[in-house]
Amino acid sequence: MNVSDLPADEIAPQRVRALFLSDIHLGTRGCQADALLDFLRHYESDYLYLIGDIIDFWSMSRSIHWTPAQNTVVQKVLRRARKGTQVVFVPGNHDEALREYAGTVFGDIAVHLDHIHVAADGKRYWLVHGDDFDQVTRHHRWVALLGDVAYNTLVRINAWMSRVRRRLGIAGYWSLAGYAKRKVKSAVSFIYDFEDSVMHEARSRGVDGVICGHIHAVAQRTIDGLVYMNCGDWVDSCTAIVEHADGRFAIIDWGQFLRTPGARMALPVAEEVMGH
């Protein structure tokens, strides 16, 4: 059952100052567009930031999997932009073809290579997808492309496993690719190396923090006074970063919300999970 199946008065939409989304991967089988639509239906904002890999041109060059729900996601974002939400799109490596349009506006959506978001409390956050800090993507593109093929294979296997889980009466979405990433030590090491590289660059820019994507690993922490936040993704985890009206930032784990029995009567609480 989707949250959107509930009567509108059971879950009141929550207004936040800004939403930060990355790695939606529209055009692929792994894209959790239905869950994203649920999320967008229940969260409204003054700012909406799309921080890369929103459309997966890499995968679409091999095969296209575009569902009605994915089309609705695009329409909903365009509608928000028309109605006054400030929408900024920072392309990633999977939609890097759009980087040549940086500095232009399409359908009221501004395209930038990176961006500075000024929070309600005046603090400045650098928004960047993050693939420039991935040594594999930057220097060994063929390895990254091979990894993308392997990842999509896991997604196809996961679709089969999901059908088996449903027949066995096991509720919720479970990601094989996400599980493998958490268990492989080299993947964990890669995440730490990526975070260190992004933080080093952010510190050199004199900002208060960085908000990125790319590695499909949601995070929010403070390291030596500098804030690191990663939006996660809408393939493995279904997560986002939000900014509240007073400038506080928090993670929304929408995937966990959908997996939790009895959680359909209220929105998940967006709590700060800052750590050192």
Side-chain angles (χ1 to χ4, degrees), residues 16-26 36 39-40 43 45-56 77 80-81 85-134 137-138 191 194-223 225-234 237 239-245 247-252 270 272 274:
V16 295
R17 187 168 185 266
L19 293 175
F20 303 82
L21 304 171
S22 74
D23 298 272
I24 297 173
H25 292 275
L26 293 168
L36 179 55
F39 174 82
L40 291 174
Y43 285 92
S45 62
D46 300 320
Y47 300 87
L48 172 59
Y49 294 105
L50 306 172
I51 311 180
D53 288 2
I54 304 305
I55 304 173
D56 196 330
V77 171
R80 289 197 176 189
T85 299
Q86 183 174 326
V87 182
V88 174
F89 179 24
V90 177
N93 52 306
H94 283 253
D95 43 26
E96 62 185 351
L98 299 177
R99 285 174 170 165
E100 64 181 280
Y101 299 103
T104 61
V105 177
F106 292 99
D108 299 314
I109 297 176
V111 181
H112 296 286
L113 294 180
D114 60 359
H115 188 72
I116 297 294
H117 171 71
V118 181
D121 58 6
K123 292 183 178 179
R124 301 166 65 250
Y125 295 86
W126 178 44
L127 312 186
V128 63
H129 180 64
D131 55 291
D132 281 345
F133 305 95
D134 175 351
T137 300
R138 187 173 183 181
I191 290 173
F194 171 86
E195 292 178 355
D196 287 343
S197 297
V198 173
M199 292 288 277
H200 178 76
E201 177 63 24
R203 198 174 299 280
S204 72
R205 290 173 178 258
V207 294
D208 297 291
V210 58
I211 304 175
C212 59
H214 186 60
I215 58 173
H216 294 209
V218 67
Q220 182 188 20
R221 62 178 64 93
T222 300
I223 303 173
L226 191 67
V227 178
Y228 170 84
M229 289 181 275
N230 193 297
C231 303
D233 66 279
W234 290 85
S237 59
T239 52
I241 297 292
V242 303
E243 180 199 356
H244 294 291
R248 290 179 301 112
F249 285 82
I251 290 172
I252 293 290
E272 288 186 291
M274 307 291 276

State whether the side chain of [X] and the backbone N or O of [Y] hold a donor-acceptor pair below 3.5 Å, judged by distance alone.
| X | Y | result |
| --- | --- | --- |
| D95 | I54 | yes |
| D196 | H200 | no |
| R80 | L40 | yes |

| query | With under 30° as parallel and over 60° as perpendicular, where do the rings of H25 and H94 fit, or are they tilted in between? | reply |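 Rings of H25 and H94: perpendicular, as their planes differ by over 60°.
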
Closest contact, heavy atoms only, [X] versus [Y]:
| X | Y | answer |
| --- | --- | --- |
| A120 | A245 | CB-O, 3.2 Å |
| D233 | S237 | OD1-OG, 3.0 Å |
| G107 | A81 | O-CB, 3.8 Å |
| G213 | F194 | O-CZ, 3.8 Å |
| A240 | L21 | CB-CD2, 3.5 Å |

| said: I'd like to know whether C212 forms a side-chain contact (heavy atoms from CB on, under 4.5 Å) with N230, so could you lay out the CA-CA distance, the side-chain angles of the two residues, the decisive distance to 0.1 Å, and finally the verdict. | reply: CA-CA 5 Å; C212 59; N230 193 297; 3.6 Å; yes

| message | Could you check whether R99 pairs with D132 (Lys NZ or Arg NE/NH1/NH2 to Asp/Glu carboxylate O, under 4.0 Å)? | response |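 D132 and R99: not salt-bridged.
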
Working to the nearest 0.5 angstrom, can you tell me the gap between [X] [atom1] and [Y] [atom2]?
| X | Y | atom1 | atom2 | value |
| --- | --- | --- | --- | --- |
| F89 | I109 | CZ | CD1 | 8.5 Å |
| L36 | I24 | CG | CD1 | 5.0 Å |
| S45 | Q86 | OG | CD | 10.5 Å |
| F249 | Q220 | CZ | CD | 8.5 Å |
| L113 | L98 | CG | CG | 11.0 Å |

| Run the side-chain contact (heavy atoms from CB on, under 4.5 Å) check on L19 and T85 step by step: do they pass? | CA-CA 10 Å; L19 293 175; T85 299; over 6 Å; no

| query | Step by step, would you call L50 with V87 a side-chain contact (heavy atoms from CB on, under 4.5 Å)? | reply | CA-CA 8 Å; L50 306 172; V87 182; 4.2 Å; yes

For [X], enumerate each residue passing the side chain to side chain contact (heavy atoms under 4.5 Å, CB included) test, keeping only those at least two apart in sequence or located in another chain.
| X | result |
| --- | --- |
| A18 | F20, Y47, Y49, H117, E243 |
| V218 | T239, I251 |
| H112 | V88, A110, H115 |
| A202 | W126, V207, V210, L226 |

| message | Tell me which pairs pass salt bridge (charged side-chain N to carboxylate O under 4.0 Å, His left out) where either residue lies in residues 113-122, with sequence neighbours left out. | response |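 Of all non-adjacent pairs touching residues 113-122, those that pass salt bridge (charged side-chain N to carboxylate O under 4.0 Å, His left out) are D114-R205.
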
| query | Does a sphere of radius 6.0 Å around CZ in F106 hold more than 12 heavy atoms from other residues, nucleotides or ligands, not counting ones at 6.0 Å or beyond? | reply |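 More than 12 heavy atoms, drawn from other residues, nucleotides or ligands, come within 6.0 Å of this atom.
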
| request: Please report the C-alpha distance between H214 and D131 in whole Å, then the side-chain angles of each, then the deciding distance to 0.1 Å, and finally whether the side-chain hydrogen bond (donor to acceptor under 3.5 Å, both in side chains) criterion is met. | output: CA-CA 6 Å; H214 186 60; D131 55 291; 5.2 Å; no

| Set of side chain to side chain donor-acceptor pair (under 3.5 Å) partners for D53, sequence neighbours left out |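 Partners of D53 under the side chain to side chain donor-acceptor pair (under 3.5 Å) test: H129.
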
| query | Does a side-chain heavy-atom distance below 4.5 Å link V111 with P91? | reply |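 Yes, side chains in contact.
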
